[in-house]
Enquirer: 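The structure under discussion is supplied below as structure tokens; questions concerning it will follow.
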Amino acid sequence: QVHLVESGGGLVQAGGSLRLSCTTSERAFNRFAVAWFRQAPGKEREFVAASRWTSSNTWYADSVKGRFTISRDNAQGTVWLQMSSLKAEDTAVYYCAASERVILSTIRLPSAYDNWGQGTQVTVSS
């Protein structure tokens, strides 16, 4: 079991920026795919972005492409989600998830990840 801790959420005005962090003490972090998901009230958890092994292998939801950037430092055991040009519809609880066994065809699916953080609230006011 990998322990993940998210931080960096908060309240921001539309058009603003936030950076979320996901940290772990897992030593073999470079072997893990890490993703950000979000869940708004009354909605299903949805994929936001993912990184597999390095910051060069990334995937994004169409709704955030060009606005959000996922990056990681495996030595620090940290993954960041830089969010810019935030919109009211980005309001949600954001979760970090990780797995050593993700295959490419499932990288956007919550069911592919077996380690989850507790979530951090992001609220964008319009």
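Nothing here was measured: the structure is a model prediction, and the numbers come from that model.
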Enquirer: Only one of Met83, Glu6, Gln39 passes side chain to side chain contact (heavy atoms under 4.5 Å, CB included) with Tyr94; say which it is.
Expert: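 The side chain to side chain contact (heavy atoms under 4.5 Å, CB included) with Tyr94 is passed solely by Met83 among Met83, Glu6, Gln39.
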Enquirer: Among the clusters formed by ILVMFWY side chains lying less than 4.5 Å apart, do Val79 and Tyr60 turn up in the same one?
Expert: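 Same hydrophobic cluster.
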Enquirer: According to a hydrophobic-cluster definition based on side-chain heavy atoms being under 4.5 Å apart (Ile, Leu, Val, Met, Phe, Trp, Tyr only), do Leu18 and Phe68 belong together?
Expert: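 Yes; Phe68 is reachable from Leu18 via cluster members.
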Enquirer: Has Asn115 got a side-chain atom pairing as donor or acceptor with Ala98's backbone, closer than 3.5 angstrom?
Expert: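 Side chain of Asn115 to backbone of Ala98: a pair is present.
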Enquirer: CG/Asn74 to CD/Glu26 distance, rounded to the nearest 0.5 angstrom?
Expert: 11.0 Å
Enquirer: Just verifying a value: how many Å separate Ser126 OG and Gln13 CD, rounded to the nearest 0.5 Å?
Expert: 10.0 Å
Enquirer: Using 0.5 Å steps for rounding, measure from the OG atom of Ser25 to the CG atom of Leu4.
Expert: 9.0 Å
Enquirer: With side chains defined as the heavy atoms from C-beta onward, is the minimum distance between Arg38 and Val64 less than 4.5 Å?
Expert: yes
Enquirer: Taking the side chain as everything from C-beta on, heavy atoms only, tell me whether Cys96 gets closer than 4.5 Å to Gln118.
Expert: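 No, too far: nothing below the 4.5 Å cut-off.
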Enquirer: Would you check if the side chain of Thr106 reaches a backbone N or O of Leu109 as a donor-acceptor pair within less than 3.5 Å?
Expert: no
Enquirer: Passes side-chain contact (heavy atoms from CB on, under 4.5 Å), Phe29 versus Val34? Steps please.
Expert: CA-CA 9 Å; Phe29 195 53; Val34 181; 3.5 Å; yes
Enquirer: Could you tell me if the side chain of Trp59 sits less than 4.5 Å from the side chain of Ile70, heavy atoms only?
Expert: no
Enquirer: Report the C-alpha distance between Ile107 and Arg52 in whole Å, list the side-chain angles of each, state the deciding distance to 0.1 Å, and finish with yes or no for side-chain contact (heavy atoms from CB on, under 4.5 Å).
Expert: CA-CA 9 Å; Ile107 203 162; Arg52 193 169 77 157; 4.3 Å; yes
Enquirer: Please check this pair: side chain of Thr24 against backbone of His3, looking for a donor-acceptor N/O pair closer than 3.5 Å.
Expert: yes
Enquirer: Is the side chain of Arg108 donor-acceptor paired with the backbone N or O of Leu104 at a distance under 3.5 Å, no angle test?
Expert: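 A pair under 3.5 Å: no.
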Enquirer: Taking it one step at a time, do Thr91 and Glu89 satisfy side chain to side chain donor-acceptor pair (under 3.5 Å)?
Expert: CA-CA 5 Å; Thr91 295; Glu89 50 264 44; over 6 Å; no
Enquirer: Rounded to the nearest 0.5 Å, what separates atom CZ in Arg72 from atom CZ in Phe32?
Expert: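 Spacing of CZ (Arg72) from CZ (Phe32) equals 9.5 Å.
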Enquirer: Compute the centroid of each ring, for Trp116 and then for Phe37, and state whether the two points are separated by less than 6.0 Å.
Expert: yes
Enquirer: Taking the side chain as C-beta and beyond, is there a heavy-atom pair between Gln82 and Ser17 under 4.5 Å?
Expert: yes
Enquirer: Does Leu81 share a hydrophobic cluster with Val12, counting links as ILVMFWY side-chain heavy atoms below 4.5 Å and allowing steps through other members?
Expert: yes
Enquirer: Could you work out, with salt bridge (Lys or Arg N to Asp or Glu O under 4.0 Å) as the rule, every residue matching Lys65, not counting sequence neighbours?
Expert: Asp62
Enquirer: Test side-chain contact (heavy atoms from CB on, under 4.5 Å) on Asp73 and Trp80 and set out the steps.
Expert: CA-CA 9 Å; Asp73 184 323; Trp80 296 277; 3.7 Å; yes
Enquirer: What heavy-atom pair brings Arg101 and Ser99 nearest, and what distance separates the two atoms?
Expert: N-OG, 3.1 Å
Enquirer: Would you kindly check if the NZ (Lys) or CZ (Arg) of Arg45 is within the cone defined by 45 degrees around the ring axis of Tyr95 and under 6.0 Å from the six-membered ring centre?
Expert: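 Here Arg45 passes the 6.0 Å and 45° test against Tyr95.
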Enquirer: Checking Arg67 side chain against Ser85 main chain: does a donor-acceptor pair fall under 3.5 Å?
Expert: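 Such a contact is found between Arg67 side chain and Ser85 backbone.
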Enquirer: Decide yes or no for Trp36 and Phe47: does some side-chain heavy atom of the first lie under 4.5 Å from some side-chain heavy atom of the second?
Expert: no
Enquirer: Are Val102 and Tyr113 packed together at the side-chain level, in the sense that at least one heavy-atom pair is separated by less than 4.5 angstrom?
Expert: yes
Enquirer: Assess whether atom CD of Glu44 is packed by more than 12 heavy atoms of other residues, nucleotides or ligands within 6.0 Å.
Expert: no
Enquirer: Under the salt bridge (Lys or Arg N to Asp or Glu O under 4.0 Å) test, which residues partner Glu100, sequence neighbours left out?
Expert: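 In terms of salt bridge (Lys or Arg N to Asp or Glu O under 4.0 Å), with neighbours along the sequence ignored, Glu100 is linked to Arg31.
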